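Some notes on the structure that comes next.
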Protein chains: 2
Amino acid sequence: MDQIELVRDFNRFYTQRLGVLNDHYLGQRRPLGEARLLFEIGDGAGLRELRSRLGLDSGYLSRLLRSLSGDGLVTVGPHPTDGRVRTAVLTEAGQRERADLEARSRESVAALLDPLTPAQRERLLEAQGQVRRLTRLATVTIEAVPDDAPPARACLQAYAAELDLRFPEGYDPAALIAPGALTEGTFLLAREDGRPVGCGLWQGSGPVAEIRHVWVSPDARGLGLGRRLLAALERDAAGHGITSIRLGTHSVLAEAIALYRAGGYREVQSDDSSPYNQLAFEKRLVL
Amino acid sequence: MDQIELVRDFNRFYTQRLGVLNDHYLGQRRPLGEARLLFEIGDGAGLRELRSRLGLDSGYLSRLLRSLSGDGLVTVGPHPTDGRVRTAVLTEAGQRERADLEARSRESVAALLDPLTPAQRERLLEAQGQVRRLTRLATVTIEAVPDDAPPARACLQAYAAELDLRFPEGYDPAALIAPGALTEGTFLLAREDGRPVGCGLWQGSGPVAEIRHVWVSPDARGLGLGRRLLAALERDAAGHGITSIRLGTHSVLAEAIALYRAGGYREVQSDDSSPYNQLAFEKRLVL
DNA sequence: CACAATCTCTGACCTTAGTCAGAGAACGCC
DNA sequence: GGCGTTCTCTGACTAAGGTCAGAGATTGTG
């Protein structure tokens, strides 16, 4: 069996397992749609938000809510500020039902874990974490966007805010590349399910380019995305005739430094004008 | 987050991932039920078998088949020997459709793997394998059954057949415990999804009991089931007042010997009358 | 050979999950 | 204050997935 077949086989296996688990804990008390809605309402939520979170048609949502409120689990009232929006709130019975579903779900998972030894449970969690991290990494898309695209600027703002916290001297957002200033080079944006989770750019016209502003969103760290971004930047630069990359970084950014070293960058004498770049690295691109 | 919550979180994540994958490759060409049926028919299958494999109502299956044969993908003919049963066979168009679905599925998995480096793919497969093995192990049930129950005898037959192949001198099935002979002791049967996948028994009235006939089905090896069975036998025996276990094994059964050693058994002088038991082990049970 | 069991098929019926086209109320902006 | 937009709700409709009760053919068994 090749790799693709092995993954498909695992997916089939796990689909089936999850099906059994779901059947067991849902116990036919509620249709799936209503159960999901009960969870999602939580401590009250606007219908508009519910619709977007669950991806429901407005008519369908309305009907689901009517059914739930018919069972006395939900009340739908007006929104405090916006009269068009309505908000759904769980009644006490609704909260009990929700807690009950939650407990059943926990119980069926607990029953699954029960026969395993503590060491085996650890291994299971570790392996699930690994599957998850690699699957997430694999589904992140990286694409070139203009450096003034709104999601690009959002990433850069987050990058600047983080550096401002981490650098002892703070970070001046004016040091960011100005919108539209990237005429020679590429800005790469990483997205997970459409949401921006990282960025980076290379710039320069000569045979030597500079990589800057490589950033990964905190909730996407540990996946190996920094490495993917760096590799994608190098590939893109190489495709534009760049043969060497230089980059500078701050001495407090230990994980960035480790990333560059692991990526084949060698530390060189810094001649950078930016006060934030205390270290300089260089790498020759091989085609 | 506790362990249960972590597992639930992984399950939610993976459900969603699989949903995206499925939506993508099924591409709305076929309803899920029909697609599954196309796969399952393969090179022809009796309707009765299809029904049990897919867990379908006979009326529903009939209707699905009519729909598929209406599209020219399937022909339904008589069974060669049993006139009540009918068999479904894929037409050429059906085989093309099936191959097409298969190709789409492979393609979407290939697209998932594509962004990963070879080392990351290896790690993903390794982790998926780990999740699968531990999940399988956790869902195996172990229960006491009479030593003459049909699934118990089936396991013992398989055990004897295997030993006969592995022992240079062969194995005489008469050496198996006779049906109904286990009056003092317990026969434990391991099942996965109802299917017997392993067994083992302890027997004896004194403070010292003997564990015999520990066997795990070839397709359930590598899960750690032998270890679970052994632990379950010890627990059951201890519950019946047994304080020490002795057991004998054949010198060619390397993995069994390793299992006993890892389980805390110490090799002792063999005084066994059975010609198959060249090695003897002993363990004091602690309560 | 009779009779019970097995197997497939049909028709009637049901729930879940969803889509679509408006109606009507409320809001935001000019 | 008018007007386009946003939001919810209703009614009409559809597809998928499935259940249930027989009818009719066939088979195994006493």
Side-chain angles (χ1 to χ4, degrees), chain A residues 15-16 19-20 22-23 25-41 44-71 73-89 97 101, chain B residues 15-16 19-20 22-23 25-41 44-71 73-89 97 101:
Chain A
T15 308
Q16 207 199 328
V20 173
N22 269 343
D23 287 357
Y25 96 82
L26 283 176
Q28 324 295 6
R29 292 169 63 91
R30 289 269 149 221
L32 195 69
E34 292 185 8
R36 284 203 302 159
L37 192 48
L38 272 180
F39 275 109
E40 213 59 47
I41 289 173
L47 299 202
R48 180 183 52 193
E49 204 195 331
L50 288 174
R51 239 176 37 224
S52 81
R53 281 217 299 257
L54 292 167
L56 298 176
D57 174 85
S58 68
Y60 187 31
L61 174 61
S62 186
R63 224 172 316 273
L64 283 175
L65 281 172
R66 203 168 39 181
S67 156
L68 286 175
S69 74
D71 290 356
L73 303 179
V74 166
T75 53
V76 180
H79 191 274
T81 62
D82 189 336
R84 293 167 300 181
V85 179
R86 307 195 63 199
T87 52
V89 184
E97 176 95 18
L101 275 170
Chain B
T15 308
Q16 205 200 331
V20 172
N22 268 344
D23 287 358
Y25 94 82
L26 282 176
Q28 322 298 5
R29 293 169 62 92
R30 289 267 152 220
L32 194 67
E34 292 185 8
R36 284 204 303 159
L37 192 49
L38 273 179
F39 276 109
E40 214 58 48
I41 290 173
L47 299 204
R48 181 183 52 192
E49 203 196 329
L50 288 174
R51 238 176 36 226
S52 80
R53 281 217 300 258
L54 292 168
L56 298 176
D57 174 86
S58 68
Y60 187 31
L61 174 61
S62 186
R63 225 171 316 273
L64 284 175
L65 281 172
R66 203 168 40 180
S67 157
L68 286 175
S69 75
D71 290 357
L73 303 179
V74 166
T75 52
V76 180
H79 192 272
T81 63
D82 189 334
R84 293 166 301 182
V85 179
R86 307 194 63 197
T87 51
V89 184
E97 177 93 19
L101 275 170

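Each chain gets a letter, A, B and so on, in the order the sequences are listed, and its residues count up from 1. The figures here come from the full heavy-atom set of this structure, side chains too, leaving out hydrogens, waters and symmetry mates. What you see is a predicted model; the values in this text were computed from it and never measured.
Atom CG of B:L68 is separated from atom C1' of D:dG17 by 14 Å (rounded to the nearest Å). Summarising the geometry, the separation between CZ on A:R51 and P on C:dA17 is reported as 19 Å, rounded to the nearest angstrom. Between A:E34 atom CD and C:dA17 atom P the separation is 8 Å, expressed in whole Å. Spacing between atom CG of A:L37 and atom C1' of C:dT16 amounts to 14 Å, rounded to whole angstrom units. Between the CG atom of A:L65 and the C1' atom of D:dT10 there is a distance of 14 Å, given to the nearest Å. What separates CZ of A:R48 from P of D:dT6 is a distance of 11 Å, to the nearest Å. Residue A:H79 contributes atom NE2, which lies 17 Å from atom P of D:dT6 at whole-angstrom precision. Whole-Å rounding puts the A:L61 CG to D:dC7 C1' distance at 11 Å.
The listed nucleotides are C:dT8, D:dC9, C:dC9; the one nearest the side chain of B:V76 is C:dC9. With D:dT6, C:dT8, D:dG17 as the candidates, the nucleotide lying closest to the side chain of B:L32 is D:dG17.
Contacts of A:T81 with the nucleic acid, taken as non-hydrogen atoms under 4.0 Å apart, involve only primed sugar atoms and P, OP1 or OP2.
A:E49 has its side chain out of reach of A:V85: every pair of non-hydrogen atoms, C-beta onward, lies at least 4.5 Å apart.
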Once base and sugar-phosphate atoms are separated, protein heavy atoms under 4.0 Å mark nucleotides 19-26 of chain D, 5' to 3', with B, S and - as BB-----B

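Within the structure, every pair that satisfies the side-chain hydrogen bond (donor to acceptor under 3.5 Å, both in side chains) test and touches residues 76-89 of chain A, not counting sequence neighbours, is listed here: A:H79-A:T81, A:D82-A:R84.
In this structure A:T75 satisfies the side-chain contact (heavy atoms from CB on, under 4.5 Å) test together with A:V89, A:T91, sequence neighbours excluded. Taking B:S69 as the reference, nothing meets the side chain to side chain donor-acceptor pair (under 3.5 Å) condition, with sequence neighbours excluded. The side-chain contact (heavy atoms from CB on, under 4.5 Å) test applied to A:E40 returns A:L50, A:R53, A:L54, not counting sequence neighbours.
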Indicate every side-chain donor-acceptor pair of residues 56-64 of chain B with a distance under 3.5 Å to a residue at least two apart or in another chain.
{"residue": "B:D57", "atom": "OD2", "partner": "B:G59", "partner atom": "N", "Å": "2.7"}
{"residue": "B:D57", "atom": "OD2", "partner": "B:Y60", "partner atom": "N", "Å": "3.2"}
{"residue": "B:R63", "atom": "NH2", "partner": "B:G59", "partner atom": "O", "Å": "3.4"}

Can you check side chain to side chain contact (heavy atoms under 4.5 Å, CB included) on B:E97 and B:L68, steps first, answer last? CA-CA 11 Å; B:E97 177 93 19; B:L68 286 175; over 6 Å; no

